[in-house]
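Right, one structure below, let's go through it.
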There are 2 protein chains.
Amino acid sequence: MNVRRPATLASLAAELGVSRTTVSNAYNRPDQLSPELRKRVLDTARRLGYPGPDPVARSLRTRKAGAVGLLLTENLSYAFRDPAAVGFLEGLALACEDAGSGLLLIPANPEREDVASVHRAGVDGFVVYSVPDDDPHLAAVLERPVPAVVCDQPSIENLDRVGIDDSRAIKTMAEHLIGLGHRKIGVLCMRLARARNDGPASVQRQENASFHVQKKRLTALAEAFEAIGIDWEQVPVVERFDHTIASGESAAGQLLESNPEITAIMCTSDILALGALNETRNRGRRVPEDLSITGFDGITEAERVGLTTVRQPMLEKGRAAGRLLLDAGEPGRPREVRLDTQLVTGSTAASPRSVEERWFGP
Amino acid sequence: MNVRRPATLASLAAELGVSRTTVSNAYNRPDQLSPELRKRVLDTARRLGYPGPDPVARSLRTRKAGAVGLLLTENLSYAFRDPAAVGFLEGLALACEDAGSGLLLIPANPEREDVASVHRAGVDGFVVYSVPDDDPHLAAVLERPVPAVVCDQPSIENLDRVGIDDSRAIKTMAEHLIGLGHRKIGVLCMRLARARNDGPASVQRQENASFHVQKKRLTALAEAFEAIGIDWEQVPVVERFDHTIASGESAAGQLLESNPEITAIMCTSDILALGALNETRNRGRRVPEDLSITGFDGITEAERVGLTTVRQPMLEKGRAAGRLLLDAGEPGRPREVRLDTQLVTGSTAASPRSVEERWFGP
DNA sequence: TGCAGGAACCGTAACGGTTCAGTAGGCCGG
DNA sequence: CCGGCCTACTGAACCGTTACGGTTCCTGCA
């Protein structure tokens, strides 16, 4: 009985001697037929091994897939490796759950240009999470005649958008460090473009960055530091393609090697900051006495080690994106959700003068 | 132009004066038509705003959805909160990625019996991860005429299966504790059945457990301890429905309150163990001097705090499940993957005699 | 000149449903 | 006896595509 099931709504109807409509109604509109007949239909279905209306055929007819697609810049598995991404996913999953919708993770290898996965996705809409502006997958999503919500991206056409004020958020951090007295800093950032570059990022590269969030943060930092008379050209920025603690370590090493005079490292993510923390301490320098280190995101691991960082509500971000997508707004009017961030003063940033104090006494 | 897109493969064909087949071929089989015509098709498609073949209609025709469904016992969002689940997901995502397949997370609220989400899922197969034996969602999956792989479940009909030797694994831990000299232990376990029960779990409840893994582990523990003459009836087992650190804390509290004489707490998961660790220390008892605590899973957080636990390869589990599902085996012969586990001797389990030693000297 | 063979394209039949405008019959009030 | 309404069910159109098995036309070669 379990070998093959050519049972279909039509064959079931034939077996019962009723119309297909009636069988369909038995499943979808119980009030449209007598209880006895309905029972008979369902019983026969069980007997014949009919698993109920085929979801794909139904989707075709109803134009509803019952799922939202998630497109992110990284390998699928990355979504589960980065705590910030996991937080976002959790929020998105919550929103989907509330709406009874599925969540389809779309495989989009950033190194390849294979857009087929986007075309193949049977979804009612897309959530696009922090992909580069020129990503072909994003373009493919825009072509699809379904709504989309972008997250941590510049606003596109008339799409709904979710994000934070990246500029304001990181400026708060910059001002915090400036207030502490730091003048010589270095920056660690995530990938700026689809083309791999592990090393210093020139100002030009920063300006041409296609990863919106990273670009925004660097621009804001430049503004903050130029505002107090520091030449941004002279501020070393080291970029890493992979977003891992190991990347943070090697980037920090590179930075400290070439710019030993800096008193603080600002990272555009907590993961990088955690790596920087490791590397710095491995080199025998104390944090924050010898070097201040700051992150961005506010992931649990960061809070545990007392990282000074900017907390952004990743879960809320995901939830907001899901909600925006699932309860469609007015046609012409794109919506925007901008979430609040919060400076978390941990124990990894202090005044650089404390160094002198250690040497020469207070 | 972006308002409505009634453009379809048929309308495009009509516009071009070619057959639908040809348009279809332009997308799917470029070698079946001349490059010029193909270009003309694609150009016209762009002009008309035709987004390419509809994925749902394609799925219906080809009988391929290009996605695998994941069913788990918990709220969707739970999958992202539990590190072990995240590890599993990462592995599963890797396998999906390799096969160019999507991963559809199916919302299956464990408290409700709403099975529609399973019926609605347009997928080529299911991965079922640790749901209770009597879960209606599981039943719904079995009805669907697509392959399924179960994980951490008893083998079903002729489904592929992935798991570990839970019995052997936890016995190793039990023997480790016994070897250290522990005779009076308490156990913290995860939910045993769909019906909520936060408190002591009687032997009968243990035997009737519908969560296969938990049952297996408890049974194995009973065997291990009865083998050295301990009456399992006398061993306190405390169950928690929610799988959180807070649950671990309250369960440990309950256990220590009613059974202050125990020298070790064995937990069936690291999360519970981390909670137990907190609670124990908050009560002013030292670990492992005053009390030994063991976990199960080997999550990162556990390793960080030096928990004595059993490591199981969650990522490999997910990957194996995905692979099994994606490269279909022989029809009649269900496959089974059984992964290895490993005892991790951390710093949270020690000989109970060290207590006496502390009091009376060595 | 005849013909084999391949390249390029086409027509039809599914794929498995949902939906909507009916229709037949029963019941009821007038 | 008639008109109207309700219940229970039906028929046919439609959703948008791909699989299958052709047909047509052109080229090259004997």
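In what follows, chains are A, B, ... by sequence order, proteins preceding strands, each numbered from 1.
- At least one donor-acceptor pair under 3.5 Å links the side chain of A:Asp124 to the backbone N or O of A:Gly66.
- OP1 and OP2 of C:dT18 both lie 4.0 Å or more from every side-chain N or O belonging to A:Arg29.
- Whole-Å rounding puts the B:Leu60 CG to D:dC15 P distance at 14 Å.
- Side-chain contact annotation: B:Asn25 with B:Arg38, donor-acceptor N/O pair under 3.5 Å absent.
- Separating the CG atom of A:Leu9 from the P atom of D:dC14 is a distance of 19 Å, rounded to the nearest angstrom.
- Contact check, A:Tyr27 against C:dG16: no side-chain N or O comes under 4.0 Å of OP1 or OP2.
- Remark: the A:Arg61 side chain and the C:dT18 base include a donor-acceptor N/O pair separated by less than 3.5 Å.
- One finds a salt bridge joining B:Arg196 and B:Asp242 here, because a Lys/Arg side-chain nitrogen approaches an Asp/Glu carboxylate oxygen to under 4.0 Å.
- Of the two residues near DNA chain C, B:Ala57 and A:Asn28, the one whose nearest nucleotide lies more 5' is B:Ala57.
- Looking at A:Asn75 and A:Arg81, their side chains never bring a donor and an acceptor atom within 3.5 Å of each other.
- The side-chain hydrogen bond (donor to acceptor under 3.5 Å, both in side chains) check on B:His243 picks up B:Tyr78, B:Asp82, B:Ser269, with sequence neighbours excluded.
- B:Leu12 has its CG atom 13 Å from the P atom of D:dG16, to the nearest Å.
- Atom CZ of B:Arg58 is separated from atom P of D:dA19 by 9 Å (rounded to the nearest Å).
- With rounding to whole Å, B:Asp54 atom CG is found 6 Å from D:dG16 atom C1'.
- Of the inter-residue distances, the one linking A:Ile106 atom CD1 with A:Arg120 atom CZ reads 12.0 Å to the nearest 0.5 angstrom.
- The interatomic distance linking B:Arg120 (CZ) with C:dG17 (P) rounds to 14 Å, in whole Å.
- Looking at A:Thr8, its side chain never comes within 3.5 Å of a backbone N or O of A:Ser11 through a donor-acceptor pair.
- The NZ-C1' distance, from B:Lys64 to C:dC15, rounds to 14 Å in whole Å.
- One atom, NE2 of A:His119, and another, P of D:dT17, lie 12 Å apart when rounded to the nearest Å.
- Residue B:Ser59 places no side-chain N or O under 4.0 Å from the OP1 or OP2 atom of C:dC15.
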Nucleotide by nucleotide, 5' to 3', does protein get under 4.0 Å of the base (B), only the sugar-phosphate (S), or neither (-) in nucleotides 5-11 of chain D, counting heavy atoms?
-> ----SBB
